[in-house]
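Following: one structure in structure tokens, then a few remarks.
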Amino acid sequence: SCDELPQYLERHYLLPHGQAQLLTEICLRQRQLLPAAEKQVGIYIGIPFCPTRCSYCSFPSGIVPLEEELQQKFLNFIEQDMLTVVQLLSMYSLNVTAVYIGGGTPTSLSETAFARLIALTARHLLLPGVREFTVEAGRPDCFSAEKLKVMEACGVNRISVNPQTLHDKTLKAIGRSHTVQDFYRSYDLVRHSGIKTVNTDLIIGLPGETADDVRASLDGIRALAPDNLTVHTLTLKKSAPIFGAQFSSLTAEDAEALVAYGGETAAAMGMLPYYLYRQHYMLGNLANIGYAASGSASLYNIQMMEERHVVLGIGPASATKVPQADGHHLKKLNMPKDIGTYTGNLPQLAHKRSLLFADEEE
Ligand code: SF4
């Protein structure tokens, strides 16, 4: 039973008391927001480009090509991929709840290419029943009022503007070509737009940051009062440029105290935790936790992390996940991270993706 669950997690999975409570609380909240029995599909579109590469980055993203023609060619493949997903939706009568454009940084595309990406998504995938349309506008160095207008006009209702830290010295150290002031400007633009839900991400453990630096960033975010806050703990995978370096001056105890401070900050803004996930190589072996004010939790994040709902991935490095009817198995297809391999094999990859569903029916 729900009352016994935390104790069970402590005894059988050796979870500390606080984490067992948190996990139970999140699980119950998710079931209210998105019952597992409802066959609601999430769609992810991955745009693997960024304006510069952050030193801690382990995402398969490259620097955005400046030539408009190359961006448009890439979008031709994304549209092809979208159309095969539309076929799947209709063939298997799947209802889409949430659409998420991430990456990389989708806003690193030119004004024209970005407008085309958003319009294509709206035309092909914003089907009746979609409740959430999120765009990652993580990097303020490639955000603009024009891009925001396009998003507003095409029905985007959730946006992520991610400072990661509110310290210029750290932004410089991690290779981001924007300042804290640029973040504030972008945040202000979004806040004054018609887009209802704004998420901000922070990372605990960035190179050179002290515990006081992280607390100051959390306090700064609290003053802005976004709708969602995601508190990450630095993860350095092998593909990160600074993997293996002595990257963080924080101890595991510092990190744990800061994760708790993140929770207190979110609570002070009236938010509740609604999803969490862990990765290998995380500082202090902690978790990333998403918080949301009432009525603003991201359904896509729940679908993607909990693996109880179908998620269809479009674009390089995207993942398609098809939970099986027994509730304990998952069929999965990862699109290649390399753009050339993705574009050169798209028809075969789309066919493999459709087989995940065909098997399910057998
Ligand atoms: S913005 Fe994100 S995806 Fe892009 S380089 Fe930085 S960490 Fe990687």
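Hydrogens, waters and symmetry mates are skipped; everything else that's a heavy atom, side chains included, is used. When a ligand or atom number is given, it counts from 1 through the structure's own listing order.
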If you count the atoms of ligand 1 from 1 in the order shown, which ones are under 4.0 Å from a heavy atom of [X]?
| X | value |
| --- | --- |
| Thr52 | 5 (S) |
| Arg139 | 1 (S), 6 (Fe) |
| Arg176 | 1 (S) |

To the nearest 0.5 Å, tell me how far Arg222 CZ sits from Arg215 CZ.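 Here the interatomic distance stands at 14.0 Å.
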Kindly compute the distance separating CG (Leu218) from CG (Leu258), expressed to the nearest 0.5 Å.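 Going from the CG atom of Leu218 to the CG atom of Leu258 covers 7.5 Å.
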Show the atom names and distances, to 0.1 Å, of all donor-acceptor pairs under 3.5 Å that link a side chain in residues 119-128 to residues at least two apart or in another chain.
{"unit_1": "Thr121", "atom_1": "OG1", "unit_2": "Leu117", "atom_2": "O", "d": "2.7"}
{"unit_1": "His124", "atom_1": "NE2", "unit_2": "Glu79", "atom_2": "OE2", "d": "3.0"}

Side chains of [X] and [Y], donor plus acceptor under 3.5 Å:
| X | Y | result |
| --- | --- | --- |
| Asp141 | Ser177 | yes |
| Thr230 | Asn199 | yes |
| Asn301 | Tyr100 | no |
| Glu25 | Gln21 | no |

Any Lys/Arg nitrogen of Asp168 or Arg176 sitting under 4.0 Å from an Asp/Glu carboxylate oxygen of the other? no
Proximity flag Gln164 to ligand 1, non-hydrogen atoms under 4.0 Å: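 No heavy atom of Gln164 comes that close to ligand 1.
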Less than 4.0 Å is my threshold; does some heavy atom of Asn162 fall inside it relative to ligand 1? no
Listing by chain and number, which protein N, O or S atoms are under 2.8 Å from atom 8 (Fe) of ligand 1? Cys57 SG
